[in-house]
Q: 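This is the structure, below, for whatever I ask next.
As a basis for the values below, the full set of heavy atoms in this structure was taken, side chains included, without hydrogen atoms, waters or symmetry mates.
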Amino acid sequence: MKVHLNQLTPISRLPPELLSEIFWFHMVSICHSPNHYLTCQDAWIKVTHVCHYWREVALHSPRLWTRISVSGLDSGRAGELISRSKNASLTVRAVAYNPGNVSALKHVFSHLERIESLDSSLPSDLYKQLFEVPPLSAPRLKKVLFFNMSSLDEEFLPSLKNCHFPSIREVELAAYRIRCWSHPLFAPTLTRLVIKAVEAGIPDAMATDVTETARALASMPLLEYLELVGVIRGLNGTFSALPPPSQNVILPRLKTVRLCSSLTSPGAAYAYLLDHLSLPADSRIALDFASSALADIFPLIVDPISHKLTAEGRLGHPGEIRAFAILTHLEHCASGCVLNFWTSVDPVVNPSDRTLPHLQIALPWSANLCQSTWRLCSALPLANIEALWLGCSPGQEPSGATEQIWFDLFKQLTQVTSLRISNQGAVGLPRLLYTRFTSDRPRDNEKYDCPQLLMRKLRSLTLEEVRFRDAEDRDDEFLTDLKDTLRWRESVRELSLRRCLNMDARDVDDLRGIVPSVVWDEVTRWEQPRNPYRRYANHFLDDLDDIELYPFLSDEDGEYDYDDDPYPGYLAEY
């Protein structure tokens, strides 16, 4: 009776095909949650408990049973899921290994010929048990991710070295050391290859050299994404310059290449590998030398990098570099410095533009980071840079000991029309911008001294998350310098203020009297009160007799005089 009553409901009139699609989208929405592999199989299956019709539709929809997470499954349950999926292609994830689910792992891996996507985070020696009979072919396998959960450095997946992967497209390996490139997973059909080798404790003999790697990449002409971390061993011998490439590796479809050095894989080897590659003009290049000693590799990396910025190093003309960013703040890089280069000014001028840089270089942290950055930049073709983005952490901004280094760098950037300053990078900058320097320029076969301003073509200035005044800065030195600079540089026609700190509408009004166009997002944030004891003044001011208080705090009555505070916004929250 209940079955017949349920058939009269509108939802039961949907055809099985449409209801199956609804179940599929419901399952996908659950499986895309952060813990999808822990909840997917159990959460969506509740729809089969609603009524007999829904259960019959679900049981006869093989696609609904193709996502299998082996974590915690017993052999019987794994077998039931595989049975219900019939002959459909499987998506398998094997994680959280424990001895109790070995039988389930064996059962699922025995159907390798049906697996389309495999995400496996297991100890490397366990695969010998899972593939007691080595498979000969995995015809449907398109995507694999192997993460080595053990510390053993064994041969990479020997159980699969005789297996054929005719459809493989994406391979990602983590915590493996690649000894050679003869494994069948490194197939000519690959479009994505990511290898993140173990970082420490493995000798160089366990890695491949540049020549072997270049030869392997030459056999993968369909690659669109390439990422190698700690895969290549260091170059043999001492070089003042890198030797010529052993071969020209043409990768006409490559869109992104990311090469990262490690403690056992020096950056010079990756610069040498980059020199082997012929890439499309619009491809993105990311080089991470954060684990290398820049002083040692600097003479070796400049030429390969410069070569990739020209038409000779690309398959087509890459276009001139027009935008440049120097980022040393933790928001942009975990440590050291990141240099970004674009062929368009939009990523610097428009903060909402998230275009990936055409070239990205990560440099290691060191005591002379600014000097190292200047050395590298001075060797690159930056003469036509039109937009500059400076995002510095404290200690690296243009002030004090680093001021001369930034001054030398800015002298090269004569075509800059847009300047964007983020975080603490503005400290000391106004003083630099109204500094004149003398340049030797030829005229009538003679030389003369020509005083000129840094970035003399500057038209637009953007300040982003810049602190206008510090806790101890009662004289507002930064704001004073900024006003003097804008008065001196009449070429600056637009000033943009985004999420700046310790400033308000009165500061904006003052600036609008100097610059024709001031764009402010009207965000007011106050941090670091000028007197760190002011918040608690009414509570324990009597206990601070030995502390020299600021004038607007009264020693006599412990009361705060609002009328004497030139910046009442500091106390808006108290």
Q: Could you go step by step and tell me if Arg84 and Lys86 meet the side-chain contact (heavy atoms from CB on, under 4.5 Å) rule?
A: CA-CA 5 Å; Arg84 292 182 181 183; Lys86 302 188 184 303; over 6 Å; no

Q: Check for a donor-acceptor pair, side chain of Ser167 on one end and backbone N or O of Pro139 on the other, with a separation under 3.5 Å.
A: yes

Q: Does the side chain of Leu223 come within less than 4.5 Å of Thr191's, by heavy atoms?
A: no

Q: Quick one: sort the Phe131 and Phe109 rings into parallel, tilted or perpendicular, breaks at 30° and 60°.
A: perpendicular

Q: Taking Tyr272 for its side chain and Pro244 for its backbone only, find out whether a donor-acceptor pair lies under 3.5 Å.
A: yes

Q: Between Ile82 and Arg114, is any pair of side-chain heavy atoms under 4.5 Å apart?
A: yes

Q: Can you give me the closest heavy-atom contact between Ala218 and Pro221, atom names plus distance?
A: O-CD, 4.3 Å

Q: Tell me whether Arg63 contacts the main-chain N or O of Trp24 through its side chain, where contact means a donor paired with an acceptor under 3.5 Å.
A: no

Q: Check whether any side-chain heavy atom of Pro134 lies under 4.5 Å from a side-chain heavy atom of Asn162, and answer yes or no.
A: no

Q: Nearest 0.5 Å, what's the OG1-NZ distance between Thr91 and Lys143?
A: 9.0 Å

Q: For the CH2 atom of Trp389 and the CG atom of Leu419, what is their distance to the nearest 0.5 Å?
A: 12.5 Å

Q: So Leu388 and Val348, do their side chains get closer than 4.5 Å, heavy atoms only?
A: no

Q: Does any non-hydrogen side-chain atom of Thr417 lie less than 4.5 Å from one of Val345?
A: no

Q: Just wondering, more than 12 heavy atoms not from Glu494 lying within 6.0 Å of its CD?
A: yes

Q: Mind running side-chain contact (heavy atoms from CB on, under 4.5 Å) on Ser418 and Glu386 for me, showing each step along the way?
A: CA-CA 6 Å; Ser418 298; Glu386 299 176 23; over 6 Å; no

Q: Check Ser137 against Pro166 and note the closest heavy-atom contact, atom names and distance.
A: OG-CD, 4.5 Å

Q: Could you check whether Thr355 and Asp353, counting side-chain N and O atoms only, form a donor-acceptor pair closer than 3.5 Å?
A: yes

Q: To the nearest 0.5 Å, what is the distance between CG on Leu226 and NZ on Lys255?
A: 14.5 Å

Q: Counting N and O atoms only, with roles assigned by atom type, does the side chain of Tyr270 sit under 3.5 Å from a partner on the main chain of Ile232, one being a donor and the other an acceptor?
A: yes

Q: Donor-acceptor pair, distance only, cut-off 3.5 Å: does the side chain of His358 make one with the backbone of Thr343?
A: yes

Q: For the CZ atom of Arg93 and the CG atom of Leu118, what is their distance to the nearest 0.5 Å?
A: 11.0 Å

Q: Determine whether a donor-acceptor pair (N or O, by modelled atom type, separation under 3.5 Å) exists between the side chain of Ser261 and the backbone of Asp288.
A: yes

Q: Between Pro347 and Ser344, what is the shortest heavy-atom contact and its length?
A: CD-O, 3.4 Å

Q: Starting at CG of Asp275, measure out to CD1 of Ile305 and round the result to the nearest 0.5 Å.
A: 10.5 Å

Q: Examine distances only and state if a side-chain atom of Asp521 and a backbone atom of Arg499 form a donor-acceptor pair shorter than 3.5 Å.
A: yes

Q: Hey, mind stepping through Arg140 and Glu116 against salt bridge (charged side-chain N to carboxylate O under 4.0 Å, His left out) and telling me if it holds?
A: CA-CA 5 Å; Arg140 303 187 192 181; Glu116 182 179 43; over 6 Å; no

Q: Among Leu382, Val416, Leu390, whose side-chain contact (heavy atoms from CB on, under 4.5 Å) with Phe324 holds?
A: Leu382

Q: With a cut-off of 6.0 Å (strictly less than), are more than 12 heavy atoms of other residues, nucleotides or ligands near CG of Leu18?
A: yes

Q: To the nearest 0.5 Å, what is the distance between CG on Leu380 and CD on Gln412?
A: 9.0 Å

Q: Is it true that the side chains of Lys457 and Gln415 contain a donor and an acceptor less than 3.5 Å apart?
A: yes

Q: Using a 3.5 Å distance criterion without hydrogens, assess whether the side chain of Lys308 forms a donor-acceptor pair with backbone atoms of Leu277.
A: yes

Q: Measure the shortest side-chain to side-chain distance between Leu160 and Tyr127 over non-hydrogen atoms and say whether it is less than 4.5 angstrom.
A: no

Q: Would you mind reporting whether Val171 and Phe146 have side-chain heavy atoms less than 4.5 Å apart?
A: no

Q: The test is side-chain contact (heavy atoms from CB on, under 4.5 Å); show your working for Ser219 and Trp181 and say whether it passes.
A: CA-CA 10 Å; Ser219 66; Trp181 293 91; over 6 Å; no

Q: Which pair of non-hydrogen atoms, one from Ile326 and one from Cys337, has the smallest distance, and what is that distance?
A: CG2-SG, 3.9 Å

Q: Check Leu458 against Ser491 and note the closest heavy-atom contact, atom names and distance.
A: O-OG, 3.0 Å

Q: Show, in sequence, the C-alpha distance, side-chain angles and deciding distance for Asn148 and Leu173, and conclude whether the side-chain contact (heavy atoms from CB on, under 4.5 Å) test is met.
A: CA-CA 8 Å; Asn148 184 11; Leu173 310 175; over 6 Å; no

Q: Quick one: which residue pairs count as a salt bridge (charged side-chain N to carboxylate O under 4.0 Å, His left out) with a foot in residues 210-232, not counting sequence neighbours?
A: Glu227-Arg258

Q: Report yes if the side chains of Ile321 and Leu359 come closer than 4.5 Å at any heavy-atom pair, otherwise no.
A: no

Q: Would you say His107's side chain and Ala78's backbone share a donor-acceptor pair under 3.5 angstrom?
A: no

Q: For the side chain of Thr256 and the backbone of Arg284, is there at least one donor-acceptor N/O pair under 3.5 Å apart?
A: no

Q: What are the two closest heavy atoms between Thr414 and Ala383, and how far apart are they?
A: OG1-O, 4.4 Å

